[in-house]
Amino acid sequence: DAKTTQPTSMDCAEGRAANLPCNHSTISGNEYVYWYRQIHSQGPQYIIHGLKNNETNEMASLIITEDRKSSTLILPHATLRDTAVYYCIASAQGGSEKLVFGKGMKLTVNP
Amino acid sequence: KAGVTQTPRYLIKTRGQQVTLSCSPISGHRSVSWYQQTPGQGLQFLFEYFSETQRNKGNFPGRFSGRQFSNSRSEMNVSTLELGDSALYLCASSLQGPKSSPLHFGNGTRLTVT
C-alpha cells in the first residue's frame with residue numbers, strides 16, 4: 001500500500017467547509033483512496049473512497065488530483081460532531097485483505 | 001440493519017489470565033477484522049477472517065488468536081495477559097474484505113490488564 005501523509009491536526013469553524021488534505025505521491029494505478037474517521041470513544045467510521053474520479057456521498061466529497069498524487073476530503077458544512085481523527089489510506093482492492101491505518105489527522109471543529 | 005456488536009464493552013483482567021472477546025458482524029458480512037488500538041501505537045491490525053478461514057495476520061505474538069464461526073461471528077483470545085495488552089480491541093466487518101468493501105467497526109472492548 002502506498003504511504004499517505006496527512007497534517008497532524010487542523011481546526012475548522014463550525015458551519016464552514018473543512019478541507020482535509022492527504023498526500024499519496026507513490027500511489028499505484030490500482031490503489032484506491034479510502035477515508036475513515038474515528039470520533040472519540042467510538043470505532044472508526046467509513047466515509048468515502050475513490051480511484052480516479054471525484055466522489056460524493058451524504059457525508060463528504062472526495063477530490064482526487066488528476067495525477068492522483070494527492071486528494072482532499074471535503075466536509076461541506078462542518079459541525080461540532082465532525083471533530084474526530086481522520087484517516088486517509090491508499091490501498092489496492094483485493095490481494096492481501098489487510099487494511100493498515102496510519103496515525104491520521106485530528107480535526108477540531110470550533111464553535 | 002444492526003451494526004457490529006462487540007462484547008463485553010469493558011473488561012478488567014490480571015496479568016497471566018486469558019481473555020476471550022466476541023464480535024457479531026453485520027448480517028451478510030463474511031469478513032471480520034480485528035484491530036488493537038493504544039495511544040502510543042494507534043490502530044494495529046491483528047487478523048482477518050473470511051468464511052471461517054484466517055486470511056491475514058498482523059505482527060502479534062502467538063498469544064493472540066482468533067476464530068470465526070459458520071455464522072460469521074468471531075472471537076479473539078489473548079492468553080497469558082501482559083500489562084501491555086491493555087488496549088481498545090476493535091472488530092470490523094465487511095462484505096468481502098477490508099480492501100474490497102468498506103469496513104464497519106464496532107465500538108470496541110476496552111481491556112485493562114492489572
Side-chain angles (χ1 to χ4, degrees), chain A residues 1-9 22 24 27-51 55-62 73 81 84-107, chain B residues 3-7 9-10 21 23-26 29-51 53-60 66 68 74 87-110:
Chain A
D1 296 347
K3 179 178 163 57
T4 60
T5 305
Q6 300 175 256
T8 304
S9 63
C22 180
H24 30 79
I27 195 169
S28 302
N30 65 341
E31 288 184 309
Y32 284 72
V33 178
Y34 295 86
W35 283 85
Y36 286 80
R37 72 179 181 184
Q38 187 172 22
I39 296 168
H40 185 60
S41 298
Q42 296 181 19
Q45 177 189 26
Y46 165 80
I47 302 173
I48 199 168
H49 74 283
L51 184 63
E55 302 287 344
T56 296
N57 62 20
E58 66 279 2
M59 289 183 67
S61 294
L62 174 61
L73 180 74
R81 288 175 294 180
V85 176
Y86 286 77
Y87 298 94
C88 170
I89 304 165
S91 183
Q93 289 198 337
S96 168
E97 289 286 355
K98 172 182 168 180
L99 198 65
V100 176
F101 287 75
K103 294 196 181 299
M105 184 202 78
K106 177 66 185 293
L107 172 70
Chain B
V4 176
T5 304
Q6 291 189 248
T7 55
R9 192 79 172 87
Y10 300 93
L21 312 181
C23 172
S24 293
I26 290 173
H29 285 193
R30 298 166 66 187
S31 168
V32 173
S33 301
W34 287 89
Y35 289 83
Q36 181 197 66
Q37 186 170 35
T38 58
Q41 297 297 318
L43 276 161
Q44 300 283 306
F45 174 80
L46 279 158
F47 24 67
E48 187 255 351
Y49 287 87
F50 183 85
S51 293
T53 300
Q54 185 183 87
R55 292 196 296 190
N56 292 282
K57 192 177 191 311
N59 295 324
F60 279 82
Q68 187 180 32
S74 178
L88 179 66
Y89 289 87
L90 290 158
C91 161
S93 74
S94 62
L95 275 169
Q96 295 293 333
K99 289 191 173 184
S100 304
S101 47
L103 280 172
H104 298 263
F105 282 83
N107 284 329
T109 293
R110 173 77 60 185

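Residue numbers begin at 1 in each chain, while the letters A, B, ... track the order of the sequences. Any value given below was found using the heavy atoms of this structure, including those in side chains, with hydrogens, waters and symmetry copies removed.
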Check your understanding: Is the count of non-hydrogen atoms from other residues, nucleotides or ligands lying under 6.0 Å from A:R81 atom CZ greater than 12?
Key -> no
Review point. Roughly how far, to the nearest 0.5 Å, is the OG atom of B:S94 from the OH atom of A:Y46?
Key: 12.0 Å
Review point. A:P44 and B:L90: which non-hydrogen atoms are nearest, and at how many Å?
Key: CD-CD1, 3.9 Å
Exercise for review: Measure A:Y32 against the heavy atoms of chain B and call it side chain, backbone, both or neither at under 4.5 Å.
Suggested key: neither
Practice item. Decide yes or no for B:F45 and A:L99: does some side-chain heavy atom of the first lie under 4.5 Å from some side-chain heavy atom of the second? Key: no
Exercise for review: Can you measure from CG (B:L43) to CD (A:Q38) and round to the nearest 0.5 angstrom?
Suggested key: 5.5 Å
Review point. Aromatic ring centroids of B:Y35 and A:F101 under 6.0 Å?
Key: yes
Review point. Donor-acceptor pair, B:N107 side chain versus A:Q42 backbone, under 3.5 Å?
Key: no
Exercise for review: Please flag which part of B:Q37 lies under 4.5 Å from any non-hydrogen atom of chain A: side chain, backbone, both or neither.
Suggested key: side chain
